[in-house]
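Accompanying notes for the structure given below.
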Amino acid sequence: MEIARDGYLQKLIGARHNGLIKIITGLRRVGKSYLLFTIFKNYLLVQGVAEDHIIEISFESIENEHLREPHAVYDHVLKMAKDKEQYYVLLDEIQYVDRFTEVLNGFLHHKNLDVYVTGSNSRMLSKDVLTEFRGRGDEIRVYPLSFGEFYAARQGDVYEALDEYFLYGGLPRILQLATDEEKINYLKNIFSETYYRDLLERHKVAHIDDFNDLINILASGVGSLTNPNKLEKTFASVKKSTITAKTIKNYLEYLEDAFLLSKALRYDVKGKRYINTPLKYYFTDVGLRNARLGFRQVENNHLMENIIYNELCYRGFQVDIGMVELREKDVAGKFQKIQLEIDFIATKGNKKYYFQSVYMMPDITKEKQETRPMLKVKDTFQKFLIVYNHQKPGVSGDGVITLSLKDFLLSSNFDI
């Protein structure tokens, strides 16, 4: 089964010959290697690039273990580039190479080398790309399949596909597995054997039980406001654990660095400032989240919120949680401060959009409750109410656009 990832291909095409190292990052098993060695390579061949001018190395493969030494891979690539014509250097899982930053920066001195690399761990995060490559790295972040990509490959009834996506997520391998049992076993095994074990070994985690419990807490409370101090109190009261907020903060960073989790900060819309704590964590793939909990806690309202968050990230937005503070009279007539929450504020350049996620909207009372926080924001940016099975897109008298989740996820013309 061929899965089109046209958005990422266009980014790679746009970055050709830009004088930078193209760095493809993301969660393990999201298809970075397939994107580079199959989709992008095929594009180059169709464009007339000779196959011997495409240099491919997978450092994860045992046959290339000898090339993990920095001088070995550097000399090997230069030897393969036999003339002054343009060469495309495709390097998979570059983090296996010692001093890989020096190696890649060295390639930049050779104008006929256009270099593309993939990486899966914390050293390949954008914050480190900017530091280690001193502005000479161009990051392309790859996510699990969006629902649009998932459905284009799967086809069939759209709501059956959406139910499957809610349960098993968007790792590409899911589309190649036939039965529920195969999909469940794959997700459980890849979480424990690939992500979890890798984290324990890489970071030499000392408090394994606490680390386990932290992952479970975050999986159970997707989209809940939290922070290390709050979690420290939970561990102390429930587990009688002495784990500190500092250690919890480190563990959270490990999970982010492995691309398993992403965090969304709270933003005071009226005060135009970020609120440091608390914040929310979302799983990069909801299938992995469900697998972590043994598929015992499949709560569609929380999963829908997570999927919308991931979709906005996939589309290149900075995503925050909106907070609107108001002063209103209570039943006694006294003014009090209240805080309303907007699920997501999505920002890209001069574009900004507000989103509320609602799995079920049974009546007008629920609609007013959900739109109220957005309507308290007196600006001209578009406001969206995303409802799972809303039948007809429409605009309310207050200007809020209501869409079904399906229409939001599949619309290629959605102006965001």
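No hydrogens, no waters, no symmetry mates; every other heavy atom, side chains included, goes into these values. Keep in mind that this is a model prediction, so the values were computed, not measured.
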> Given Glu232 and Lys246, is the salt bridge (Lys or Arg N to Asp or Glu O under 4.0 Å) satisfied, shown in steps?
Replying inline: CA-CA 9 Å; Glu232 179 186 45; Lys246 181 179 179 181; over 6 Å; no
Are [X] and [Y] close enough that a side-chain donor and a side-chain acceptor fall under 3.5 Å?
X      : Y      : result
Asn300 : Tyr359 : yes
Asp343 : Ser357 : no
Thr371 : Gln356 : no
Asn212 : Arg292 : yes
Tyr282 : His302 : no
Asp198 : Tyr196 : no
Ser61  : Asn64  : no
Glu93  : Gln95  : yes
Glu139 : Thr25  : yes

N/O donor-acceptor pair under 3.5 Å between [X] side chain and [Y] backbone:
X      : Y      : result
Asn310 : Val286 : no
Thr194 : Phe191 : no
Asp363 : Thr365 : yes
Lys383 : Phe381 : yes
Arg68  : Phe59  : yes
Lys406 : Leu403 : no
Gln10  : Gly7   : no
Gln318 : Thr347 : no
Asn185 : Glu182 : no
Tyr151 : Gly156 : yes

What is the distance from atom [atom1] of [X] to atom [atom2] of [Y], rounded to the nearest 0.5 Å?
X      : Y      : atom1 : atom2 : value
Asn229 : Thr226 : CG    : OG1   : 9.5 Å
Leu279 : Ser224 : CG    : OG    : 11.5 Å
Asn306 : Glu299 : CG    : CD    : 12.0 Å
Thr101 : Ile21  : OG1   : CD1   : 10.0 Å
Lys376 : Ile342 : NZ    : CD1   : 12.0 Å
Arg99  : Leu104 : CZ    : CG    : 12.5 Å

> Name the one of Tyr354, Phe344, Tyr274 that satisfies ring-ring contact (aromatic ring centres under 6.0 Å, His included) with Tyr267?
Replying inline: Tyr274
>> So if I apply the ring-ring contact (aromatic ring centres under 6.0 Å, His included) rule between Tyr251 and each of Phe211, Phe235, Tyr281, which one comes out positive?
In response: Phe211
Inspect the contact between [Y] and [X] and indicate whether a charged nitrogen and a carboxylate oxygen are less than 4.0 angstrom apart.
X      : Y      : value
Glu305 : Lys280 : yes
Asp92  : Lys32  : no
Asp138 : Lys22  : no
Asp210 : Lys239 : yes
Asp320 : Arg266 : no

>> I need the minimum non-hydrogen distance between Leu113 and Val77, along with the two atoms involved.
In response: CD1-CG1, 4.2 Å
> Where is the tightest heavy-atom contact between Leu27 and Pro144, given as atom of each residue plus distance?
Replying inline: CD2-CG, 4.4 Å
Other residues, nucleotides, ligands: >12 heavy atoms within 6.0 Å of [X] [atom1]:
X      : atom1 : value
Gln155 : CD    : yes
Lys270 : NZ    : yes
Glu181 : CD    : no
Lys233 : NZ    : no

Going by heavy atoms in the side chains, are [X] and [Y] under 4.5 Å from each other?
X      : Y      : result
Tyr116 : Leu91  : no
Val73  : Tyr96  : no
Leu260 : Leu199 : yes
Arg173 : Tyr186 : yes
Val358 : Ile386 : no
Asn290 : Leu288 : no
Cys313 : Tyr143 : yes
Tyr87  : Asp114 : no

> Passes side-chain contact (heavy atoms from CB on, under 4.5 Å), Lys337 versus Glu325? Steps please.
Replying inline: CA-CA 7 Å; Lys337 288 184 179 180; Glu325 189 170 86; 3.9 Å; yes
> What do the steps show when you test Ile243 against Leu231 for side-chain contact (heavy atoms from CB on, under 4.5 Å), and what is the final call?
Replying inline: CA-CA 9 Å; Ile243 188 172; Leu231 289 165; over 6 Å; no
> Regarding Arg197 and the six-membered ring of Tyr195, is the cationic atom NZ or CZ under 6.0 Å from the ring centre and inside 45° of its axis?
Replying inline: no
> Does the side chain to side chain donor-acceptor pair (under 3.5 Å) test come out yes or no for Ser220 and Gln297, once each step is laid out?
Replying inline: CA-CA 7 Å; Ser220 295; Gln297 195 178 332; 3.2 Å; yes
> Who passes ring-ring contact (aromatic ring centres under 6.0 Å, His included) against Phe150, sequence neighbours left out?
Replying inline: Tyr165
>> Test side-chain contact (heavy atoms from CB on, under 4.5 Å) on Ile57 and Leu90; report intermediate values, then the result.
In response: CA-CA 6 Å; Ile57 305 172; Leu90 315 183; over 6 Å; no
> Hey, what's the ring geometry for Tyr388 with Phe166, parallel, tilted or perpendicular (30° and 60° as the breaks)?
Replying inline: perpendicular
>> Please tell me whether Phe355 and Phe408 form a close aromatic pair, meaning their ring centres lie under 6.0 Å apart.
In response: yes
> Looking at Lys41, Arg16, His53, which hits side-chain hydrogen bond (donor to acceptor under 3.5 Å, both in side chains) with Tyr88?
Replying inline: Arg16
